[in-house]
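Report on the structure given below.
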Amino acid sequence: MVDKALALLKVIRKIPMFNGLNSEQTRSVLQACEFRGVRGGEEICRVNGQSDEMYILLSSRMGVYNESQILLASIEPVDPVGEMELITGQLRSATVSAASDCNLLVLRKVAFDRLMRNNMDLCTRVYGSVIEMLGRRLDESRDEQGRMERNRMALEIKLNEVENQIDMLTRGRRQYQ
């Protein structure tokens, strides 16, 4: 039992929003979580659904799907699901389903909010980590936007070249007619 608890504490420490928590704080987070087994194919959450739980996958895999049921990503063990929605209360941005039977840690919003209210240092560390995560995501978005802009510009240049070739071919045909 002790080995299982230590393993679960290690799992909590790997979640970016809980980065930097001390042992007591990590135990508090773990104690606020519930264990849940899920059958393969079962939906964990649905796109545009309420966001009152965060999930941490302990075993197996889960799939992330858009509204058209197109697979967007796979969730592997120790990956969190719904941490931002837990904080913001925004609706779910995707549907998540278990690929096969799996085990989760579930942190309900009520338990999370209570944890944050009752431990200011924990609250400060968690929200500090969330801000760092958002900063990294913003940087990644900016980098991706830059790559996409460079790609768009390259494609516009190619399009102009093709249009010029078509124009030259069209003018050449007219001359020979």
Side-chain angles (χ1 to χ4, degrees), residues 1 3-21 25-119 122-123 125-145 147-148:
M1 191 67 161
D3 290 341
K4 185 177 179 181
L6 287 174
L8 290 174
L9 289 171
K10 287 181 182 179
V11 166
I12 297 293
R13 285 190 184 111
K14 290 182 179 182
I15 307 301
M17 74 185 279
F18 300 128
N19 189 26
L21 298 184
Q25 293 166 332
T26 306
R27 268 193 294 288
S28 295
V29 171
L30 180 57
Q31 288 170 350
C33 292
E34 302 168 13
F35 181 82
R36 185 181 299 164
V38 177
R39 295 252 183 242
E42 186 177 332
E43 279 187 2
I44 310 302
C45 56
R46 186 160 236 343
V47 66
N48 296 320
Q50 290 297 327
S51 303
D52 57 353
E53 295 178 331
M54 172 186 154
Y55 310 97
I56 301 168
L57 181 61
L58 298 175
S59 65
S60 191
R61 288 181 46 216
M62 296 190 297
V64 179
Y65 301 88
N66 66 10
E67 290 183 53
S68 302
Q69 293 302 307
I70 295 171
L71 181 66
L72 303 174
S74 289
I75 310 256
E76 301 294 328
V78 189
D79 285 345
V81 175
E83 68 275 23
M84 287 298 123
E85 292 93 345
L86 183 75
I87 292 169
T88 65
Q90 292 178 324
L91 297 178
R92 299 283 183 189
S93 58
T95 296
V96 177
S97 299
S100 60
D101 292 359
C102 63
N103 295 308
L104 308 170
L105 283 178
V106 180
L107 181 57
R108 293 180 182 273
K109 181 154 182 58
V110 172
F112 176 77
D113 290 345
R114 184 179 325 113
L115 195 59
M116 296 298 107
R117 272 192 314 274
N118 293 337
N119 189 328
L122 174 82
C123 181
R125 288 177 190 257
V126 166
Y127 282 113
S129 293
V130 168
I131 290 168
E132 286 178 24
M133 282 174 25
L134 291 174
R136 280 192 302 276
R137 288 180 183 179
L138 181 60
D139 289 343
E140 291 167 2
S141 268
R142 286 181 181 146
D143 291 346
E144 181 65 18
Q145 184 180 9
R147 281 190 294 278
M148 292 176 79

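For the numbers below, each heavy atom of this structure counts, side chains included, while hydrogens, waters and symmetry mates do not. This one's a predicted model, so the numbers in the text were calculated from it and none came from an experiment.
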For the student: nearest non-hydrogen atoms of [X] and [Y], plus distance:
| X | Y | result |
| --- | --- | --- |
| V106 | Y55 | CG2-CD2, 3.8 Å |
| F18 | I12 | CB-O, 3.6 Å |
| G63 | L71 | CA-CD1, 3.8 Å |
| R125 | G20 | NH1-O, 2.8 Å |
| V81 | C45 | CG1-SG, 4.5 Å |

Report the C-alpha separation of N48 and E67 in whole Å, then their side-chain angles, then the decisive distance to 0.1 Å, and conclude whether the side-chain contact (heavy atoms from CB on, under 4.5 Å) test is met. CA-CA 9 Å; N48 296 320; E67 290 183 53; 3.9 Å; yes
Set of side-chain hydrogen bond (donor to acceptor under 3.5 Å, both in side chains) partners for [X], sequence neighbours left out:
| X | result |
| --- | --- |
| Q50 | none |
| S100 | S60 |
| D52 | none |
| S129 | none |

Euclidean distance, [Y] [atom2] relative to [X] [atom1], rounded to 0.5 Å:
| X | Y | atom1 | atom2 | value |
| --- | --- | --- | --- | --- |
| L104 | M62 | CG | CE | 5.5 Å |
| E85 | E53 | CD | CD | 12.5 Å |
| I56 | I15 | CD1 | CD1 | 4.5 Å |
| L72 | Y65 | CG | OH | 9.5 Å |

Under 3.5 Å, side chain of S51 to main-chain N/O of L86, donor-acceptor pair present?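 Answer holds: no.
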Hey, could you give me each pair passing salt bridge (charged side-chain N to carboxylate O under 4.0 Å, His left out) that has a residue in residues 12-21? Not counting sequence neighbours. none
Test log, rule side-chain contact (heavy atoms from CB on, under 4.5 Å), inputs L9 and L30: CA-CA 7 Å; L9 289 171; L30 180 57; 3.8 Å; yes
Under 3.5 Å, which donor-acceptor pairs link side chains of residues 131-144 to any protein atom two or more places apart or in another chain?
residue: R137; atom: NH2; partner: E83; partner atom: OE2; Å: 3.3
residue: E144; atom: OE1; partner: R147; partner atom: NE; Å: 3.2
residue: E144; atom: OE1; partner: R147; partner atom: NH2; Å: 2.7

For [X], side-chain contact (heavy atoms from CB on, under 4.5 Å) partners two or more places apart:
| X | result |
| --- | --- |
| N103 | F35, L58, S59 |
| E42 | V38, R39 |
| D79 | I75, E76 |
| R114 | V110, A111, R117, N118 |

Salt bridge (charged side-chain N to carboxylate O under 4.0 Å, His left out) partners for R92, two or more places apart: none
Suppose we screen for salt bridge (charged side-chain N to carboxylate O under 4.0 Å, His left out). Which residues come up paired with R27, at least two apart in sequence or across chains? none
Determine, step by step, whether L122 and M116 satisfy the side-chain contact (heavy atoms from CB on, under 4.5 Å) criterion, reporting the C-alpha distance in whole Å, the side-chain angles of both residues, the deciding distance to 0.1 Å, and the verdict. CA-CA 7 Å; L122 174 82; M116 296 298 107; 3.6 Å; yes
CD/E34: more than 12 non-hydrogen atoms of other groups inside 6.0 Å: yes
